[in-house]
Asks: 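Pasting a structure here, questions to come.
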Amino acid sequence: MNEPPHRRRAHTSARDLERYAGLFAQRTQVMRSSAMRDLMAITARPEVISLAGGLPDTSTFPPQSFAAQMTRIAQESAAQALQYGPTEGFEETKDCILQVMGAEGMLPDPADVIVTTGGQQAIDLLCKTLLDPGDVVLCEAPTYPGAIPVFCSYEAEVIQIETDEDGMRVDELEAALAELTAQRRRPKFIYTVPSFQNPAGVTLSVERRRRLVELAREHEILVLEDNPYGLLRYGGEPPPPLYQLDGGDYVVYLGTFSKILSPGIRLGWAVAPPPVMEKVILGKQASDLCTSTLTQYFVREYFAEGRWREYIDDLIEIYRGRRDVMIASLEKHFPRQATWTRPEGGLFVWATLPDYIDTEDLLAKALRQNVAFVPGRAAYIDERGHSSMRLNFSGVGDDEIREGVRRIGKVVEEQVNLYETLTGHSVPAPAPSRSPQTKVEEDSADVLPFRRAGEGR
Ligand SMILES: Cc1ncc(COP(=O)(O)O)c(C=O)c1O
């Protein structure tokens, strides 16, 4: 009888680490784990209400539609769908991408498009193409937590520019660029999520968009416009994408089907000027040859059905309601010293607590109450963000949002009470914002995304 194969030990012993350490590349020393990845393992426990992930609600996708498309692929194109494909992606996939970008007013040349394994790979490929160790990248503070490990693994120097209710402070960006120029340092690119930013939920104003594009031209540096959420708008008027304002000379556009269809299919894309695209394609070849043929066939079939805009409309209805539930729950359960954003789209609210609360410590306490969020530090390269948290409202239903926020509110309240007991004084609530009468039901372009707790309760 054959011996059963030995199972590898689940945990790496110290001796194992020593054995391999000398083999690691230098860059592994600056590699960082994505905070979300670590959290995902914990939040996978069914008893945990996770407001941590950036998960779209895939249970809203009709299973019969999924079954019909996959059956059609199996019956009509099995051999092709199971085969390798071109590195830059199928023309039919690019047609779908053009429809999605067209819905936001963009019309790129299909030759400038590459289909990638999710938007995450698009970030990675652009970094691989553009960054040498020590190169400067500018991005928002806070920034997309999943971008930080990519910048780190290419050994970039990351400069984060403060963000307010109108997105990245472009005046600060301008000052940072001037300082770098004075030091004879030319940054490689500005990375931005201009619409319904992950994690802050804020949107870059039209004026700032125009100035950002001008600055890129003046300094001859690229802008990586990462836009997974632009079509998930719950109110207000959409500002033009940076790509549209620039015409695609300095703006490299990154998109994904993850939030408007499915993250499981791992389909994203990048649009870049031909000289950049040529290098990106070489990088992609080396990484994984091509993006999944099967899921490209799925997207093709799905778009042929002609319902993709309707599905986004369905998602908008659902997520708008969940955002409102989250905001109402924050008003009910968070202390008056807290502030939070009120996003007009996307999947996230960014809440900031009194300075003396560390949200990493708070998370440990929250997990004991079976609820999770992303601590703010995950969105910074340095130690900023310690008293903030990212809360997701798309991945769970209304009741779980209410209960999750209630549980977090309870642990926050305990911290506030403890602080006030120990110090003998209470911290005043923040000054009122510009629009104290903002209401949860409102959905207009001039609604302030930043909102103070306690207003309009
Ligand atoms: C701003 C941003 N960029 C990129 C991604 C990566 O998405 P995917 O690789 O699923 O397309 C995400 C996912 O949450 C995101 O929020």
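In each ligand, atom 1 is the first atom listed, and ligand 1 is the first ligand listed.
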Asks: With a cut-off of 4.0 Å, which atoms of ligand 1 are near a heavy atom of S258?
Replies: 8 (P), 10 (O), 11 (O)
Asks: Using a strict 4.0 Å cut-off to heavy atoms of K259, name the atoms of ligand 1 that fall inside it.
Replies: 13 (C), 14 (O)
Asks: With no hydrogens and no angle check, do the side chains of Y243 and N227 hold a donor and an acceptor under 3.5 Å apart?
Replies: no
Asks: Can you name the atoms of ligand 1, numbered from 1 with element, that are less than 4.0 Å from a heavy atom of G119?
Replies: 8 (P), 9 (O), 11 (O)
Asks: Would you please indicate yes or no on a ring centroid separation below 6.0 angstrom for F196 and F348?
Replies: no
Asks: Is there a heavy atom of G54 sitting under 4.0 angstrom from any atom of ligand 1?
Replies: no
Asks: Do any heavy atoms of R266 fall under 4.0 Å from ligand 1?
Replies: yes
Asks: Check ligand 1 against T256 and write out every atom of the ligand that is under 4.0 Å from a heavy-atom position of the residue.
Replies: 8 (P), 11 (O)
Asks: Side chains of S50 and R45: do they bring a donor and an acceptor to under 3.5 Å?
Replies: no
Asks: Which of the atoms in ligand 1, numbered in the order shown and given with their element, are less than 4.0 Å from a heavy-atom of V193?
Replies: 1 (C)
Asks: Relative to the heavy atoms of N198, which atoms of ligand 1 are at a distance of less than 4.0 Å?
Replies: 14 (O), 15 (C), 16 (O)
Asks: Tell me, please, which residues at least two apart from D109 pass salt bridge (charged side-chain N to carboxylate O under 4.0 Å, His left out).
Replies: none
Asks: What do you reckon, does Q121 put a non-hydrogen atom under 4.0 Å from ligand 1?
Replies: no
Asks: Which ligand 1 atoms does G118 reach within 4.0 Å, using its non-hydrogen atoms?
Replies: 9 (O), 11 (O)
Asks: Within 45° of the axis and under 6.0 Å from the centre of the six-membered ring of Y311, does NZ or CZ of R307 qualify?
Replies: no
Asks: Between the side chains of S387 and D358, does any donor sit under 3.5 Å from an acceptor?
Replies: no
Asks: Is F257 near ligand 1, meaning one of its heavy atoms is under 4.0 Å from it?
Replies: no
Asks: Could a heavy atom of P228 be found less than 4.0 Å from some atom of ligand 1?
Replies: yes
Asks: Hey, is R185 close enough to D135 for a salt bridge, meaning N to O under 4.0 Å?
Replies: no
Asks: State yes or no: are the ring centers of Y302 and F61 separated by less than 6.0 Å?
Replies: yes
